Protein chains: 2
Amino acid sequence: MGLPDDAAEARAQGWRTLAALHARIEDELERALQKRHGLSVSEYGVLDVLARQDEHHLRMNQLSNAVVLSQSATTRLVNRLEDRKLLERYLCPTDRRGIYTEVTKAGRDLLDKAQPTHDAVLTEALRKATEVPELAPLVDALDKLPMPVS
Amino acid sequence: MGLPDDAAEARAQGWRTLAALHARIEDELERALQKRHGLSVSEYGVLDVLARQDEHHLRMNQLSNAVVLSQSATTRLVNRLEDRKLLERYLCPTDRRGIYTEVTKAGRDLLDKAQPTHDAVLTEALRKATEVPELAPLVDALDKLPMPVS
DNA sequence: ACTTTACGATTGCATGCGCAATCATAGCGC
DNA sequence: GCGCTATGATTGCGCATGCAATCGTAAAGT
């Protein structure tokens, strides 16, 4: 029967597997999005998450939480996208500390073109992963994930 | 019944969930390892993968593949660890293009101290993740992963 | 043996990131 | 109304990363 160390080792092993899978797929997405649409994964993530909001806007804070980046990285990420006219900033009317970001028409158009690329690369990468025995269960779990609550 | 778009959207949703989970946990690991042992996640990964080899050494090439980093990043990562005397380089005797890396005693000792931290943080992070409904199945899948073939 | 090609690792360079400090606005206590 | 603290966002700075070019070694073709 397993000592606690065995359980820890099994978890660590699983984590290494997941981390490696994630890194490889993200690499592929990065290259494909960069090459075909001039977007990094982070930039795509911002446009995607903003477009999926009911109100189509988010505060910097919420945005950095959604893309899992630091506040400073988010500021600069938004700067780059704003410079490219893919999104716009505007002050929150009720709290002038807050700043909303919202995708522009151009941003929406670019996202619409990039989304098929993203999905195709992802689908293919996951399909390939399924062929590796120790990755298959992880990929299967992905498909069965429930939708987020909110 | 789902159009292809629905399937793609479901996959993308699952991927966002996985990517976010991965990013948050890696952040936690990074902070804990950095604070308590002066190691980044990448540095920990190198020591860990090297120590787990039967021969205790790996070529730069294999190493960059194992930690999923570019060759140049791996070179510099190994430089940093070598400067800190945590590992050593030596030429492959049969092919002088190849360079082996091997953990030193000091590297082994540091790894032994860092491993409990890594495992504890990981275990706690996964436990917390289990409490979030849409993450639970993913974490469950992790525990059930088969060991890698080699 | 000589050239050509391939492979493994390193270096120059530009860039995106996190941390800590800072600025601006809001809200609270008095 | 006036400080004091809290919150949201930005900026200065150092650093790790990827890409492309390069160097050194090996192997193959002739």
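Lettering of chains follows the sequences in order, A, B, ..., and the numbering in each one begins at 1. Values in this document were obtained by computation on a predicted structure and should not be read as measured data.
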- Query: Are Y100(B) and V49(B) connected in the hydrophobic side-chain network, where two residues link if heavy atoms are under 4.5 Å apart?
  - Reply: no
- Cluster check L58(A), V68(A): I/L/V/M/F/W/Y, side chain < 4.5 angstrom: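 Different clusters.
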- For the residue pair Q34(A) and R31(A), confirm or rule out a side-chain donor-acceptor distance under 3.5 Å. no
- So, are K128(A) and E28(A) salt-bridged, with charged N and O less than 4.0 Å apart? yes
- Message: Once you apply a heavy-atom cut-off of 4.0 Å, does T74(B) come out as touching a base, just sugar-phosphate, or nothing?
- Response: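 Here T74(B) touches no strand at all.
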- Across the strands shown, which category fits L69(B) at heavy-atom distances under 4.0 angstrom: base, sugar-phosphate, nothing?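 Touches sugar-phosphate only.
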Side-chain N or O of [X] closer than 4.0 Å to phosphate OP1/OP2 of [N]:
X: S72(B); N: dG12(C); result: no
X: N61(A); N: dT7(D); result: no
X: R80(A); N: dC17(C); result: yes
X: R89(B); N: dT10(C); result: yes
X: S42(B); N: dT17(D); result: yes

Just the rounded figure in Å: distance from [atom2] of [N] to [atom1] of [X].
X: R84(B); N: dC15(D); atom1: CZ; atom2: P; answer: 13 Å
X: Q34(B); N: dC15(D); atom1: CD; atom2: P; answer: 12 Å
X: N79(B); N: dT17(D); atom1: CG; atom2: C1'; answer: 14 Å
X: N65(A); N: dG8(D); atom1: CG; atom2: P; answer: 12 Å
X: R31(A); N: dG18(D); atom1: CZ; atom2: P; answer: 9 Å
X: I99(B); N: dC23(D); atom1: CD1; atom2: P; answer: 17 Å
X: L91(A); N: dC23(C); atom1: CG; atom2: C1'; answer: 14 Å
X: L77(A); N: dA9(D); atom1: CG; atom2: C1'; answer: 14 Å

- Task: Please tell me which of Y100(B) and V68(A) maps to the more 5' nucleotide of DNA chain C, matching each residue to the nucleotide holding its nearest heavy atom.
- Result: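 Its nearest nucleotide lies further toward 5', so the answer is Y100(B).
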Shortest side-chain distance from [X], nucleotide among [options]:
X: R96(A); options: dT10(C), dT25(C), dT10(D); answer: dT25(C)
X: Q71(B); options: dG18(C), dA9(C), dA6(C); answer: dA9(C)
X: R76(A); options: dT11(C), dC13(D), dT17(D); answer: dC13(D)
X: R97(A); options: dT7(D), dT25(D), dC17(C); answer: dT7(D)

- Message: On DNA chain D, compare the nucleotides closest to D95(A) and A73(A); which residue's is nearer the 5' end?
- Response: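 Of the two residues, D95(A) wins.
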- Step by step, work out the salt bridge (Lys or Arg N to Asp or Glu O under 4.0 Å) result for E124(B) and R127(B). CA-CA 5 Å; E124(B) 172 60 11; R127(B) 193 198 58 71; 2.9 Å; yes
- Measure the acute angle between the ring planes of Y90(A) and H57(A), then classify it against the limits of 30° and 60° as parallel, tilted or perpendicular. perpendicular
